[in-house]
Amino acid sequence: MATYTNAARDAAQRPSAPSGPLLRRLHGAAAVRIAFGLVWAVDASFKWLPGFIHGKTLDDELGAAKTVRTPVLHQWISLWHSVAQSHPGAFAVGTAVVETCIALGMVLGVLSNLTFVGSALYALGVWSAAEAFGLPWTEPGITDTGVMAGYVFASLALLYACAGATWSLDARLRPSLGKAVWLSSPSPEGIAAHLG
């Protein structure tokens with residue numbers, strides 16, 4: 001009798017399983033996360049091609065300083081151009097490794113919160129340096145402000161949607177993270193408890 005009572009009490013204290021609509025939304029967010037991770041994987045695969053990995057295309061990739069005349073932005077872009085040109089091979093390999101890690105983190109759902117914030121910051125860096133914010137905006141024929149701007153907002157939207165809550169390795173990692181649990185996405189049960 002006491003065992004049954006303890007089991008019933010433990011079950012009542014355990015967070016409830018998420019409802020159907022919430023679980024569907026979390027699965028939808030996870031599907032978008034995985035698809036976005038595959039986009040990152042394609043982008044990373046381009047970085048492993050011989051032209052980029054050997055630093056041969058970096059001058060073109062980071063050459064926007066020639067067209068941007070705004071003083072602070074020109075200096076920022078020139079700084080990254082100088083860093084890349086000092087060790088082009090190492091810079092290219094570093095870029096390829098970072099983008100591969102982001103792709104794996106997204107697809108597998110590993111430390112999702114860290115992956116989402118890290119990818120947003122990385123994309124912001126690429127957008128501000130290599131894409132130069134899409135500047136100059138007054139140039140005839142300009143059609144966009146740069147692809148990486150969308151990557152920044154997509155990563156932050158995935159963070160907000162708790163896209164690592166399902167279909168991810170975070171579920172296995174969460175119990176062993178201790179105080180660093182915030183690096184992973186919350187569990188579906190935790191989200192349900194927070195909303196309920």
Side-chain angles (χ1 to χ4, degrees), residues 13-47 61 64 72-73 76-77 80 94-135 137 142-196:
Q13 291 174 349
R14 208 175 304 126
S16 62
S19 64
L22 175 61
L23 197 55
R24 279 193 298 277
R25 283 184 182 217
L26 292 175
H27 286 326
V32 172
R33 180 199 80 229
I34 293 166
F36 191 45
L38 293 174
V39 170
W40 270 106
V42 169
D43 197 30
S45 72
F46 294 149
K47 302 303 186 290
E61 298 280 339
V72 174
L73 296 177
W76 173 253
I77 297 164
W80 283 105
T95 300
V97 167
V98 168
E99 290 191 11
T100 301
C101 288
I102 291 171
L104 289 172
M106 293 262 186
V107 170
L108 300 175
V110 178
L111 301 176
S112 297
N113 287 350
L114 176 65
T115 300
F116 300 145
V117 172
S119 66
L121 291 173
Y122 177 80
L124 181 62
V126 172
W127 184 48
S128 69
E131 293 184 358
F133 298 108
L135 293 170
W137 295 335
I142 189 162
T143 58
D144 64 51
T145 59
V147 175
M148 284 295 176
Y151 280 46
V152 173
F153 293 106
S155 296
L156 295 176
L158 290 171
L159 174 69
Y160 180 74
C162 299
T166 61
W167 298 343
S168 70
L169 292 177
D170 276 355
R172 294 187 184 268
L173 294 174
R174 231 177 268 116
S176 61
L177 290 175
K179 290 184 180 181
V181 73
W182 58 272
L183 296 173
S184 69
S185 192
S187 69
E189 294 80 17
I191 295 168
H194 181 70
L195 296 175

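By convention here, the first residue in the shown sequence is residue 1. These values consider heavy atoms only, across backbone and side chains, with no hydrogens, waters or symmetry-generated copies.
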Taking all heavy atoms of [X] and all of [Y], pick out the closest pair and write down the distance.
X	Y	value
Ser112	Gly164	OG-CA, 3.3 Å
Pro186	Asn113	CD-ND2, 4.4 Å
Ala103	Gly37	CB-O, 3.6 Å
Ser128	Trp76	OG-NE1, 2.9 Å

Can you tell me how far the [atom1] atom of [X] sits from the [atom2] atom of [Y], to the nearest 0.5 Å?
X	Y	atom1	atom2	result
Ile191	Leu26	CD1	CG	4.5 Å
Leu124	Phe133	CG	CZ	6.5 Å
Ser168	Ile34	OG	CD1	8.5 Å
Thr95	Phe46	OG1	CZ	15.5 Å
Asp43	Lys47	CG	NZ	3.5 Å

Tyr151 ring center within less than 6.0 Å of Trp40 ring center =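 Ring centres of Tyr151 and Trp40 closer than 6.0 Å.
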For atom CZ of Arg174, decide whether the heavy atoms of other residues, nucleotides or ligands shown that lie under 6.0 angstrom number more than 12.
->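 Counting neighbours around CZ of Arg174, more than 12 heavy atoms of other residues, nucleotides or ligands fall under 6.0 Å, so yes.
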Step-by-step side chain to side chain contact (heavy atoms under 4.5 Å, CB included) determination, Tyr122 to Glu99 = CA-CA 9 Å; Tyr122 177 80; Glu99 290 191 11; 2.9 Å; yes
Any donor-acceptor pair under 3.5 Å linking the side chain of [X] with the backbone of [Y]?
X	Y	answer
Glu131	Met148	yes
Arg33	Thr166	yes
Ser155	Gly118	no

Given the rule in the side chain to side chain contact (heavy atoms under 4.5 Å, CB included) test, do Val110 and Leu104 qualify, once you have shown the distances and angles that lead to the verdict?
-> CA-CA 8 Å; Val110 178; Leu104 289 172; over 6 Å; no
Would you indicate whether the side-chain heavy atoms of Leu173 and Ser184 approach each other to under 4.5 Å?
->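 No, their side chains stay 4.5 Å or more apart.
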With the side chain counted from C-beta on, respond yes when Leu177 and Leu111 share a heavy-atom pair under 4.5 Å apart, and no when they do not.
->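 Heavy-atom side-chain distance check passes, below 4.5 Å.
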Between Ser185 and Asp170, is a side-chain hydrogen bond (donor to acceptor under 3.5 Å, both in side chains) present by the stated rule, with each step listed?
-> CA-CA 7 Å; Ser185 192; Asp170 276 355; 5.0 Å; no
